[in-house]
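Order of appearance sets the numbers: ligands from 1, and atoms from 1 within every ligand. Sequence positions, counted from 1, serve as the residue numbers for this chain.
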Amino acid sequence: MLRILIIEDEKSVRDFLAHSLEEKGHKIFMAIAGNEGLQKAIETRPDLIVLDLGLPDISGIEVLQKIRTWSPVPIIILTANSDDKEKIKALDIGADDYLTKPYNISELEARIRAVSRRVQKNEHILKIEIHSLELNLDSHLVFIKDSELHLTLTEFLILKILMMNQEKIVTHRQLLKEIWGPNSTEHTQYLRVYVGQLRKKLATFGIPSTFITTEVGIGYRLKY
Ligand code: CA
């Protein structure tokens, strides 16, 4: 059971979400505007926030920015806008995931499950395991079953960042910044090359190329 705060001005969407998530056993809190959402986030200390970007008073982006100054609470954004710029902006300032309207409720539930799995995870980890893939953060060694997978440092870092985020989308900007520093955020083509090499190496061990899924124009996400 999670305590979920829904910040959404559209009554039909809000009621539908609240009802569906309550049926799954979650405790729901609701706000119909940005400032009310901020207030409720402070009062109710939710485990997760579902945040609409188009709100009547202050924008969802502003709500997100304010919450991130004091809380790492997982935030899934809802957007009616298919404009990638807004989604990327939200992800870059700390949203955990997004859904574009119209979405179906099972898709939202899957995202909620993925987000809560990440939250329950111990933060002081030395080893990340996803299926047969094992990545050791200390020794920088990667194993598939019992065979070692030889990666360059850049390939290792890309895989590490994606694995640490499990099924969460990681933007090009986030990857570039973590690997090459803050001044290389325009070099998306580098990433494409490294991710291509990484996929090829994984494929030799039977891991499908969809394991590292391309989110066109936005970034990458592990899907398994
Ligand atoms: Ca709205």
Side-chain angles (χ1 to χ4, degrees), residues 1-119 165-174 185 213-221 223:
M1 189 272 278
L2 295 174
R3 297 156 54 82
I4 301 177
L5 170 62
I6 300 169
I7 307 175
E8 163 69 79
D9 59 320
E10 221 171 302
K11 188 177 186 312
S12 59
V13 178
R14 197 171 61 236
D15 288 350
F16 173 69
L17 280 178
H19 178 72
S20 313
L21 295 173
E22 257 162 6
E23 265 191 344
K24 297 282 167 186
H26 300 298
K27 169 95 179 120
I28 303 300
F29 304 96
M30 288 187 275
I32 63 170
N35 283 315
E36 189 195 353
L38 285 171
Q39 195 55 41
K40 288 244 167 100
I42 293 165
E43 284 165 15
T44 63
R45 298 281 164 161
D47 301 312
L48 185 136
I49 297 175
V50 177
L51 172 66
D52 180 28
L53 285 187
L55 294 168
D57 51 353
I58 56 172
S59 75
I61 292 283
E62 209 174 318
V63 173
L64 177 62
Q65 254 160 349
K66 288 196 169 145
I67 291 174
R68 277 292 171 262
T69 62
W70 59 272
S71 170
V73 60
I75 299 175
I76 297 176
I77 56 165
L78 299 178
T79 164
N81 199 338
S82 55
D83 178 7
D84 286 344
K85 271 196 203 132
E86 200 179 36
K87 279 180 225 165
I88 294 168
K89 188 169 179 203
L91 291 165
D92 279 338
I93 61 175
D96 290 82
D97 215 326
Y98 71 85
L99 282 176
T100 306
K101 296 174 181 176
Y103 50 86
N104 64 41
I105 193 76
S106 56
E107 208 180 335
L108 177 63
E109 281 162 6
R111 300 284 161 88
I112 289 175
R113 277 196 302 275
V115 165
S116 47
R117 270 201 301 276
R118 284 197 298 274
V119 172
N165 285 284
Q166 299 197 17
E167 291 141 290
K168 177 184 166 188
I169 189 165
V170 181
T171 64
H172 294 135
R173 180 178 288 270
Q174 288 166 340
T185 50
T213 298
T214 300
E215 299 278 348
V216 178
I218 298 176
Y220 298 96
R221 181 201 300 268
K223 265 192 188 156

Inset, instruction - In plain terms, say whether Arg68 and Asp96 are close enough for a salt bridge, that is, a side-chain N and a carboxylate O under 4.0 Å apart. - result: yes

Legend entry - Charged N-O contact under 4.0 Å between Asp97 and Arg221: yes

Inset, instruction - Quick one: the OD2 of Asp52, the Ca ion (ligand 1), O of Gly54 angle, rounded to 10°, please. - result: 80°

Legend entry - Carboxylate-amine/guanidinium contact Lys101 Glu8, below 4.0 Å: yes

Inset, instruction - Taking the Ca ion (ligand 1) as the reference point, name the nearest N/O/S atom of Asp9. - result: OD1

Legend entry - Glu8 N/O/S atom closer than 3.0 Å to the Ca ion (ligand 1): no

Inset, instruction - Side-chain contact test, heavy atoms from C-beta onward, threshold under 4.5 Å: evaluate it for His26 versus Glu22 and give yes or no. - result: no

